[in-house]
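When a ligand or atom number is given, it counts from 1 through the structure's own listing order.
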Amino acid sequence: MPLIKLYFTSALLLLALSCRLWQVSQSLPVMGKGPMTDSCTLYARTLLQNITDALAQTKLFSGIDCAKQNLELNMETSTPSVCTPLESACPGITKSQFDQESCVTNIGEDLSHYYKFLTNQPDPEKLLGPTVLLSLRELMENCFKGSLPTDLALKEDDGERASTYNERLNLCKVLRGFQVRTITINRAINYMNSK
Ligand SMILES: *[C@@H]1O[C@H](CO)[C@@H](O)[C@H](O)[C@H]1NC(C)=O
């Protein structure tokens, strides 16, 4: 019996200690890679709007009913899990636990992933370049500095050719996944902006 009591006491003590530590760490300045400003929420909203508009362009997906395709998510990042704030288990603390730095890093990796993908798509009708790619670039340059790939090889003529059926099908699935991820990113940026 005393042994159980001891365990219980030390468990409580440990909880109290870790809560104490957590409180201390919370009072340190947040070291995000860049604060999310109001303009970041606007850039993210524009990107989402432009992706949604692109998905409605039947020319981009000719021969394919894009709305009926499965979406393909980027599984190389953990944005949905790291960008979801967790409620604290510590008594008396209502603030939620949120790792801003890792959320920002994961979003940057997502954006960079989609940027590389989209720059490699044939776009003879310029339905992606001046819309989705441009707003994606603006979001990266202004709010996720450093995520813009510097090693993009110039593919001057490649973008002019017509896309193949498989390229259109793949673009549809990836773009649908990008839309879902961008909704998550919008939510995370709004949350970071409101903190
Ligand atoms: C992208 O979306 C924004 C916000 O809805 C809109 O104002 C803008 O015209 C769109 N860009 C293009 C090129 O469609």
Side-chain angles (χ1 to χ4, degrees), residues 32-74 77 79-80 83-84 103-150 152-195:
K33 285 214 174 97
M36 289 303 136
T37 59
D38 288 347
S39 60
C40 294
T41 67
L42 289 178
Y43 286 126
R45 204 181 308 156
T46 304
L47 174 63
L48 179 57
Q49 187 58 54
N50 292 162
I51 295 171
T52 307
D53 288 349
L55 278 167
Q57 301 288 329
T58 46
K59 272 188 188 169
L60 271 179
F61 313 107
S62 74
I64 295 157
D65 189 350
C66 185
K68 291 213 174 107
Q69 305 303 318
N70 289 327
L71 52 87
E72 204 172 282
L73 282 169
N74 179 19
T77 61
T79 309
C83 291
T84 302
C103 176
V104 168
T105 305
N106 275 269
I107 293 177
E109 285 167 7
D110 269 332
L111 298 180
S112 162
H113 167 86
Y114 287 111
Y115 189 84
K116 283 183 205 153
F117 173 82
L118 289 170
T119 48
N120 279 310
Q121 298 303 304
D123 188 20
E125 312 233 24
K126 304 275 174 280
L127 292 169
L128 292 171
T131 60
V132 179
L133 256 176
L134 182 70
S135 52
L136 176 54
R137 197 185 176 97
E138 279 181 339
L139 176 63
M140 291 165 92
E141 278 174 347
N142 291 289
C143 309
F144 297 89
K145 292 190 176 63
S147 61
L148 210 58
T150 51
L152 284 177
L154 284 173
K155 302 205 180 223
E156 284 154 21
D157 298 325
D158 202 37
E160 297 296 323
R161 69 177 173 84
S163 56
T164 66
Y165 178 87
N166 281 335
E167 281 171 334
R168 291 196 296 278
L169 184 60
N170 192 36
L171 174 65
C172 163
K173 292 177 175 183
V174 173
L175 211 51
R176 276 169 56 85
F178 189 25
Q179 184 186 36
V180 169
R181 187 55 52 89
T182 304
I183 293 171
T184 306
I185 291 172
N186 265 268
R187 213 174 280 149
I189 291 177
N190 288 341
Y191 177 77
M192 288 188 271
N193 176 244
S194 69
K195 280 212 301 177

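- Residues satisfying the side chain to side chain donor-acceptor pair (under 3.5 Å) test with Y114, not counting sequence neighbours, are none.
- Checking D110 against T79 by side-chain atom types alone, a donor-acceptor pair falls below 3.5 Å.
- At a heavy-atom cutoff of 4.0 Å, ligand 1 is surrounded by T46, Q49, N50, P130, T131.
- Distance check, rounded to the nearest 0.5 Å: CZ of R176 to CD of Q69 gives 8.0 Å.
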Check: residues 49-57 side-chain donor-acceptor pairs under 3.5 Å, at least two apart:
from	atom 1	to	atom 2	distance (Å)
Q49	NE2	D53	OD1	3.1
N50	OD1	S135	OG	3.1
T52	OG1	L48	O	2.8
T52	OG1	Q179	NE2	3.1

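- Residues satisfying the side chain to side chain donor-acceptor pair (under 3.5 Å) criterion with N106, sequence neighbours excluded, are absent altogether.
- Applying side chain to side chain donor-acceptor pair (under 3.5 Å) to T77 and the options H113, E109, R181 leaves one that passes, R181.
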